[in-house]
Colleague: 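Structure below; questions to follow.
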Amino acid sequence: MDSEATASPPAPVAVLGAGTMGSGIAQVAAAAGHDVTLVDVAPGAAAAAVGRVRESVARLADRGRLPAEDAEVIASLVRGSESLAGLPECGLVIEAVPEDLALKRSLFAELAQHQPSTTVLATNTSSLDVSAIAEAVPDPERVLGLHFFNPPPLMRLVEVVHGHDTSEAYLEHVVGLMRAWGKTPVRCASTPGFIVNRVARPFYGEAQRVVHDGIADPATVDWILRERGGFRMGPFELTDLIGQDVNLAVGTSVWEQTGRDERYAPTAFQRDLVAAGRLGRKSGSGVYSYAADGTLVSEEPDLRLAARLVGGPVEHDPLARTVAMLVNEAVDLVRRGEATAEDIDVAMRLGANYPWGPIARGREIGLHVVADQLRRLDSAYPGGRYRPSPALTDGSLG
Ligand code: NAD
């Protein structure tokens with residue numbers, strides 16, 4: 001850590017909620033030299049999280065990825081608390097309590113009373129509207145989203161989300177701060193799913209439709225997306241890892257928040273899996289089955305079928321369908337002014353491990369070609385899911 005380079009010590013940071021995300025975010029802030037208070041109302045949770053931070057940095061030191069002295073300094077900067085009382089005046093407070101709007105609003109209202117008017121109040125929400133949280137605060141210009149990805153110490157991407165009233169000065173300040181923390185910030189509006197969870201929807205939805213329609217089996221679709229598409233994992237193995245229930249909940253939330261737009265409609269395929277308790281690795285079965293030690297009972301892809309489908313008519317090509325829909329989603333986000341093309345490409349590479357940014361990929365394929373593919377899909381499957389974004393053909397993206 002380079003504490004000598006800074007003229008004044010970094011302002012204290014508070015993290016509310018010491019669960020999966022809170023403890024990781026606290027570690028990141030302490031590694032950047034901040035005094036961090038981790039607050040959790042569950043008895044013993046904050047202390048346990050401080051213990052997890054200690055173990056985590058000690059492991060990094062053991063593996064030679066952090067000098068042992070730095071690990072000790074980082075651990076010494078994090079303290080736990082079971083209430084907001086006694087919180088120091090902070091430069092930044094990051095809320096990471098459960099995804100419940102009423103809970104988050106009440107915490108923000110309380111924070112606004114106790115923290116100076118210059119303290120940035122951030123939420124790590126994945127799906128709630130930042131503006132709706134900010135309404136609980138008399139000065140909503142200082143409220144914004146800081147959407148870290150799991151696990152925060154390893155994932156570089158942070159979505160910096162602005163509500164209706166968030167001030168540009170606070171946004172710029174936080175973008176700079178995230179860079180100083182070693183993160184790669186991207187900016188976006190408080191739109192359902194933000195960038196990553198919105199643009200990624202068709203990665204799962206197209207695969208589920210292809211299987212539901214009997215075009216290919218899951219193992220073959222996964223093989224195509226991985227081996228021919230360059231994705232690190234296929235959509236079925238990935239959703240089994242994430243949890244079919246968790247993935248369905250994110251998709252359903254985006255669908256509800258977009259007024260049940262057909263583009264995001266949950267599939268019968270995934271609903272049936274969840275209803276049957278086939279949640280993925282954690283339940284022993286999902287799309288695939290897993291042995292007691294969690295290893296996949298592998299299913300063989302049909303390589304002859306894969307060879308026939310890829311490069312054939314778009315309606316039956318799992319890869320072309322998926323890519324066209326990812327590009328469509330990404331360009332629509334730009335068209336609505338919710339994020340820039342550059343930020344979307346960075347976000348999908350870093351936040352979802354995609355082999356390319358979808359806008360760059362769309363330009364390589366040709367945006368008009370993508371629009372044609374979507375028109376063909378739209379005639380094969382009418383209803384609005386495949387409607388091409390005007391941004392594919394209006395020349396606005398070059
Ligand atoms: P979690 O359940 O692991 O942790 C939440 C913690 O908040 C719990 O320890 C709970 O005791 C504590 N808590 C509850 N009420 C509180 C209060 N009033 N004051 C202080 N602490 C309180 O949850 P998580 O997975 O860390 O998620 C936290 C937030 O981050 C959610 O908004 C979630 O949507 C978001 N998020 C989660 C992930 C993820 O992968 N888990 C990724 C990005 C964002």
Side-chain angles (χ1 to χ4, degrees), residues 13-29 36-53 56 78-87 90 93-115 121-130 132-134 136 143-161 178 183 185-186 188 190 192-198 200 238-239 241-243 245-254 257 280 282 347 350-353:
V13 167
V15 179
L16 312 186
T20 307
M21 297 304 290
S23 57
I25 294 168
Q27 179 179 328
V28 173
V36 183
T37 310
L38 247 177
V39 184
D40 201 300
V41 289
V50 172
R52 287 202 300 280
V53 173
S56 168
V78 183
R79 69 177 193 95
S81 166
E82 293 193 356
S83 82
L84 286 180
L87 210 58
C90 294
V93 178
I94 304 174
E95 166 277 309
V97 303
E99 197 74 335
D100 171 336
L101 180 61
L103 172 65
K104 289 185 192 275
R105 286 172 63 109
S106 77
L107 272 178
F108 272 74
E110 198 177 339
L111 279 171
Q113 281 176 16
H114 294 109
Q115 287 292 319
L121 305 179
T123 172
N124 187 47
T125 182
S126 314
S127 64
L128 300 172
D129 179 13
V130 171
I133 297 172
V143 177
L144 47 84
L146 273 183
H147 188 224
F148 286 82
F149 287 73
N150 191 18
L154 294 185
M155 296 291 286
R156 272 166 57 202
L157 186 71
V158 179
E159 291 176 329
V160 179
V161 184
M178 289 304 104
K183 296 297 174 196
V186 291
C188 68
S190 184
F194 309 139
I195 299 175
V196 174
N197 281 334
R198 175 74 166 265
L238 182 55
T239 44
L241 182 66
I242 295 168
D245 53 337
V246 173
N247 187 258
L248 176 64
V250 176
T252 305
S253 160
V254 171
Q257 290 184 64
K282 63 185 174 187
L350 295 184
N353 278 321

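Note that ligands are numbered from 1 as they come in the structure, with each ligand's atoms numbered from 1 the same way. None of the values given here were measured: they were computed from a predicted structure.
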Colleague: Provide the number and element of each atom of ligand 1 under 4.0 Å from a heavy atom of Ala42.
Modeller: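 Answer, ordered by atom number: 11 (O).
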Colleague: Kindly say whether Val130 contributes a backbone atom to a donor-acceptor pair with the side chain of Ser190 at under 3.5 angstrom?
Modeller: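 A pair under 3.5 Å: yes.
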Colleague: Only heavy atoms count here, so choose which of Asn150, Asn124, Leu16 is nearest to atom 35 (C) of ligand 1.
Modeller: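 Checking each option, the heavy atom nearest atom 35 (C) of ligand 1 is found in Asn124.
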Colleague: Write down the atom of His147, the atom of Thr125, and the distance for their closest heavy-atom approach.
Modeller: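 In this case the closest contact between His147 and Thr125 is CD2-O, 3.5 Å.
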Colleague: For ligand 1, find out whether one of its N or O atoms is nearer than 3.5 Å to an N or O atom of Thr125.
Modeller: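 It does not: no N or O of Thr125 is found under 3.5 Å from an N or O of ligand 1.
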Colleague: Relative to ligand 1, is Phe148 under 4.0 angstrom through side chain, backbone, both or neither, heavy atoms considered?
Modeller: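 Looking at Phe148 and ligand 1, just backbone atoms fall under 4.0 Å.
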Colleague: Can you report which non-hydrogen protein atom sits closest to atom 28 (C) of ligand 1, along with the distance?
Modeller: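 Protein heavy atom at minimum distance: Ala96 O, 3.2 Å.
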Colleague: Kindly say whether Pro153 contributes a backbone atom to a donor-acceptor pair with the side chain of Gln27 at under 3.5 angstrom?
Modeller: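 Not confirmed, Gln27 side chain does not pair with Pro153 backbone.
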Colleague: Would you say ligand 1 has an N or O under 3.5 Å from any N or O of Lys104?
Modeller: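 Yes, there is a polar N/O contact under 3.5 Å.
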Colleague: Kindly indicate, with the supporting measurements, whether the criterion side chain to side chain contact (heavy atoms under 4.5 Å, CB included) is fulfilled by Val250 and Ile242.
Modeller: CA-CA 11 Å; Val250 176; Ile242 295 168; over 6 Å; no
Colleague: Are any non-hydrogen protein atoms located under 4.0 Å from atom 11 (O) of ligand 1?
Modeller: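 There is a protein heavy atom less than 4.0 Å from atom 11 (O) of ligand 1.
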Colleague: Taking side chain as C-beta onward, heavy atoms only, is Leu84 less than 4.5 Å from Glu110?
Modeller: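 Yes, at least one pair of side-chain atoms sits under 4.5 Å.
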Colleague: How about Asn197 and Glu159: do any of their side-chain heavy atoms sit closer than 4.5 Å?
Modeller: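 They are not in contact (no side-chain heavy atoms under 4.5 Å apart), so the answer is no.
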Colleague: Tell me whether Asn124 contacts the main-chain N or O of Phe148 through its side chain, where contact means a donor paired with an acceptor under 3.5 Å.
Modeller: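 Side chain of Asn124 to backbone of Phe148: a pair is present.
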Colleague: Check each atom of ligand 1 against the heavy atoms of Val39 and keep those under 4.0 Å away; list them by number with element.
Modeller: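 With Val39 as reference, the close atoms of ligand 1 come out as 20 (C), 21 (N).
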Colleague: Got the closest protein heavy atom to atom 2 (O) of ligand 1, with its distance?
Modeller: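 Among all protein heavy atoms, the one nearest atom 2 (O) of ligand 1 is Pro98 CG, 4.6 Å.
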Colleague: Please report which non-hydrogen protein atom sits nearest to atom 4 (O) of ligand 1, along with the residue it belongs to and the distance in Å to one decimal place.
Modeller: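 In this structure, atom 4 (O) of ligand 1 has Gly19 CA, 3.3 Å as its nearest protein heavy atom.
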Colleague: Does any N or O atom in Gly22 lie less than 3.5 angstrom from one in ligand 1, N or O only?
Modeller: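 Gly22 vs ligand 1: no N/O contact under 3.5 Å.
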Colleague: Considering heavy atoms of the protein only, find what lies nearest to atom 15 (N) of ligand 1 and give residue, atom and distance to 0.1 Å.
Modeller: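 Of every protein heavy atom, Val41 CG2, 3.7 Å lies nearest to atom 15 (N) of ligand 1.
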Colleague: Could you pull out the closest heavy-atom pair between Ser23 and Arg52, with the gap in Å?
Modeller: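 Between these two residues, the closest heavy atoms are OG-NH2, 3.4 Å.
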Colleague: Of the protein's non-hydrogen atoms, which lies at the shortest distance from atom 8 (C) of ligand 1, and what is that distance?
Modeller: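 Among all protein heavy atoms, the one nearest atom 8 (C) of ligand 1 is Asp40 OD2, 3.4 Å.
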Colleague: Identify which of Glu110, Glu95, Met21, Glu99 has a heavy atom lying nearest to atom 41 (N) of ligand 1.
Modeller: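 It is Met21 that holds the nearest heavy atom.
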Colleague: Indicate yes or no: does an N/O atom of Val97 lie under 3.5 Å from an N/O atom of ligand 1?
Modeller: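 Yes; at least one N/O pair falls below 3.5 Å.
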Colleague: Are the side chains of Glu95 and Leu121 in contact, using a 4.5 Å heavy-atom criterion?
Modeller: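 Not touching, per the 4.5 Å side-chain cut-off.
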Colleague: Where do Ile94 and Leu16 land on the side chain to side chain contact (heavy atoms under 4.5 Å, CB included) test, with the steps shown first?
Modeller: CA-CA 6 Å; Ile94 304 174; Leu16 312 186; over 6 Å; no
Colleague: Under 4.0 Å from any heavy atom of Leu103, which atoms of ligand 1 are there?
Modeller: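 With Leu103 as reference, the close atoms of ligand 1 come out as 15 (N), 18 (N).
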Colleague: Any protein heavy-atom neighbour for atom 23 (O) of ligand 1 (distance below 4.0 angstrom)?
Modeller: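 Under the 4.0 Å cut-off, atom 23 (O) of ligand 1 has no protein heavy-atom neighbours at all.
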Colleague: Quick check on contacts: which atoms of ligand 1 are under 4.0 angstrom from a heavy atom of Ser126?
Modeller: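 The atoms of ligand 1 under 4.0 Å from a heavy atom of Ser126 are 33 (C), 34 (O), 35 (C), 36 (N), 37 (C), 43 (C), 44 (C).
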Colleague: Give me the residue, atom name and distance of the protein heavy atom closest to atom 3 (O) of ligand 1.
Modeller: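 The closest one turns out to be Thr20 N, 3.0 Å.
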Colleague: If you measure every N/O of His147 against every N/O of ligand 1, is any gap under 3.5 Å?
Modeller: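 No, His147 has no N/O under 3.5 Å of an N/O on ligand 1.
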Colleague: Between Val13 and Cys90, what is the shortest heavy-atom contact and its length?
Modeller: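 Answer, listing the atom of Val13 first, then Cys90: C-SG, 4.0 Å.
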Colleague: Main chain of Ala132, side chain of Arg105: is a donor-acceptor contact present, judged purely on distance under 3.5 Å?
Modeller: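 Yes, Arg105 side chain to Ala132 backbone: donor-acceptor pair under 3.5 Å.
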